[in-house]
2 protein chains.
Amino acid sequence: MPARRSSPSMADVAAHVGVSHQTVSRVLNKSPLVRPETRERVEQAMKELGYRRNSAARALVTNRSARLGMVSAHLALHGPSRIAASVDAAAREVGYDVSLVGLETVSPSTVRVAVERLLDQAVEAVLVAAAHRPAIEAARAMDLPVPLVLVQGVEPGDHLAVGIDQVAGARAAVGHLLDLGHRRVAHVAGPLDWAEAVQRREGWLAAHRERDLEPGPELAGDWSAAGGHAAGALLAAGDDVTAVFAANDATAMGLLKALHDAGLSLPDDLSVVGFDDSPEAAYTWPALTTVAQRFSELGERAVGLALQAIEGGTGRPPTPVPLLVPHLVVRDSAARA
Amino acid sequence: MPARRSSPSMADVAAHVGVSHQTVSRVLNKSPLVRPETRERVEQAMKELGYRRNSAARALVTNRSARLGMVSAHLALHGPSRIAASVDAAAREVGYDVSLVGLETVSPSTVRVAVERLLDQAVEAVLVAAAHRPAIEAARAMDLPVPLVLVQGVEPGDHLAVGIDQVAGARAAVGHLLDLGHRRVAHVAGPLDWAEAVQRREGWLAAHRERDLEPGPELAGDWSAAGGHAAGALLAAGDDVTAVFAANDATAMGLLKALHDAGLSLPDDLSVVGFDDSPEAAYTWPALTTVAQRFSELGERAVGLALQAIEGGTGRPPTPVPLLVPHLVVRDSAARA
DNA sequence: CGGTGAAATGTTAGCGCTCACAATGAGCCA
DNA sequence: TGGCTCATTGTGAGCGCTAACATTTCACCG
């Protein structure tokens, strides 16, 4: 038995059957111009030889890579990894492969490098999931030869972007608290160079504004439970706050922890609402009332947009996709004032 | 200004400078056989024209793709996404790109399809992060033209695999409980077709065996907080259990929740230990004692192994990498019996 | 000042595939 | 029978690059 040389080519398959390489190509590309019997024999030969089409050669001649690039910040966090998973699934569905570049730190320069890297792989579109606004702007400013789709950190003016309506989600969360009779709601914010953090904060303000109420104190957070814990310690020591809106569930968990540590009884002494509906949210103590986002739909839409942009070339911009609306999930961590 | 045609090729750059395309190639490949001044001019031209090397053409002629494939199950879970992130970073470090295929459901057939997909992308190695053992076996049985590296679900006999010593981690966790004076420790297991689940269970048994103690009751779980919650309800209703080892942190969180719901006081009435050291573990109530794994090192090692295997070709198998040893993180959820 | 070897550059031939077009053959009608 | 059409298959070129080899340039020596 001869050692397995380099993998067989179309020519090998063709020779094996006694047809031309073009006929093999036709079979592969499902051309109707092949006699069923011939097709049969070619397919048989491909199986026997273990033929696998050479994607590089194909990409070279067609000038298309069938590849989408995704740069994802904070792949280890819940939201981003959900988005990555859904983009991957959606892309595969429509015959695209995906190249992933994770970011260890997010900044204009790291995002630029990541995008460059994807371009070197000849991706047909770049999806950026990095809510950090300066980084997004940097990517936008790059004058790319392919469409760039935003999957996070979207702002109203953005084109070629899919996102979740953070303001609406936050407004619903805070509104819920206010409707429960709380006169003011404190906010532990996310890092304010993230679009999401700004928007959730905006929703918090809006909910108060709509009811002619003064928003409660605002504390800084960083998406993490640690940040939430620190903020919670401050809050527990503080004054008359009866309700808190945390920028995300991790923050809310830290908050809960700090309040317990301070000996408060929840939710009677203090109501807490989070954002994300992470898998653990239903199992905090007390169970977290939060805002659920449909990440999987995000991925699908982003891929759809990318495809549309690829097809459309430099044509008219694709129809803008409305923001997805998240919904409130009421559990036990928020109670009547 | 002419519309941007298809992107410039080496020939374009060469013509622009007045050299041959081969000289451009030499510059690109850092050959020392280029006069510094020539190199300078070529680089200048590349910048001006926005030249970008065509990776397909390069892959075609070199017969190498500089691409690693990774199939990852449960990308949305904490561990897997951490692994994916670290593999990605490590691969990039050594000049490889990574193609990701996420699995929505894990089974022999879905894994096979995923691997096929990666092979069609001409990856130079496949990393499989899918602890589900039957799926792993299926991938192993495929007789691939490229190395396959296991990143999860590793068992002692496995070759070309990196993993974390789950048995040791579990033994440490349960040993900690036993050393605290508990006479027996209950276990809420993971799904037992996952190697990790089996191994953690084995560590639980081993810790008892070493001390000549009878293991406490065993309950079924599924890695999720929901599963832990169900098990916790049973446990709370039950007999004389004073300590529980949960298969992972999510399970432990569900457990904690159920015990609180049952009105128990933790950790006095019942001690709980988890596994994973997820970011939230420090902020449960009480803070979770758990086992920390260094995922990032996992990715690095996996990529290292893959590279070694790619280089080595069919040569002698690479030196086996010892399992990483996780360590116990003591917090508040486990107390003296 | 011709010869020499190393440094620098050029030339040519594909890699495996798709595209455009050419060629073959069978069926059919006048 | 000749010619026409359609279905099927074949041929040739070339995508952008690298590898192997060929050629030119040039500093330096006897």
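Since we're looking at a predicted model, the values are computed, not measured. Naming convention: chains lettered A, B, ... in sequence-line order (proteins, then strands); numbering from 1 in each chain.
For the atom pair OG of A:Ser9 and OH of A:Tyr51, the computed distance is 7.0 Å after rounding to the nearest 0.5 Å.
Contact check, A:Thr23 against D:dT8: no side-chain N or O comes under 4.0 Å of OP1 or OP2. One finds no side-chain N or O of A:Ser9 lying less than 4.0 angstrom from the OP1 or OP2 phosphate oxygen of C:dG16.
A donor-acceptor pair shorter than 3.5 Å cannot be found between the side chains of A:Glu40 and A:Gln44.
A donor-acceptor contact shorter than 3.5 Å links the side chain of A:Thr110 to the backbone of A:Thr105.
In this structure, CG of A:Leu33 is placed 18 Å from P of C:dG25, rounded to the nearest angstrom. At whole-Å resolution of the value, CG in B:Asn63 and P in D:dC17 are 18 Å apart. Rounded to an integer number of Å, the gap from B:Arg64 CZ to D:dC17 C1' is 16 Å. Straight-line distance from the OH atom of A:Tyr51 to the P atom of C:dG16: 10 Å, rounded to whole Å. Between the CG atom of B:Asn54 and the C1' atom of C:dC15 there is a distance of 13 Å, rounded to whole Å.
Taking the six-membered ring where tryptophan is involved, the planes of A:Trp194 and A:His132 are perpendicular, since the angle between them exceeds 60° and thus also 30°.
Residue-to-nucleotide proximity on DNA chain C shows that, of B:Leu60 and B:Ser31, the 5′-proximal contact is made by B:Ser31.
Residues passing the side chain to side chain donor-acceptor pair (under 3.5 Å) test with A:Ser99 are A:Arg67, A:Gln121, B:Arg67, sequence neighbours excluded.
A pairwise comparison of heavy atoms in A:Glu124 and A:Val146 identifies O-CB, 3.4 Å as the closest pair.
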Under 4.0 Å protein heavy-atom contacts per nucleotide of nucleotides 18-24 of chain D, with B for base, S for backbone only and - for none: BBB----
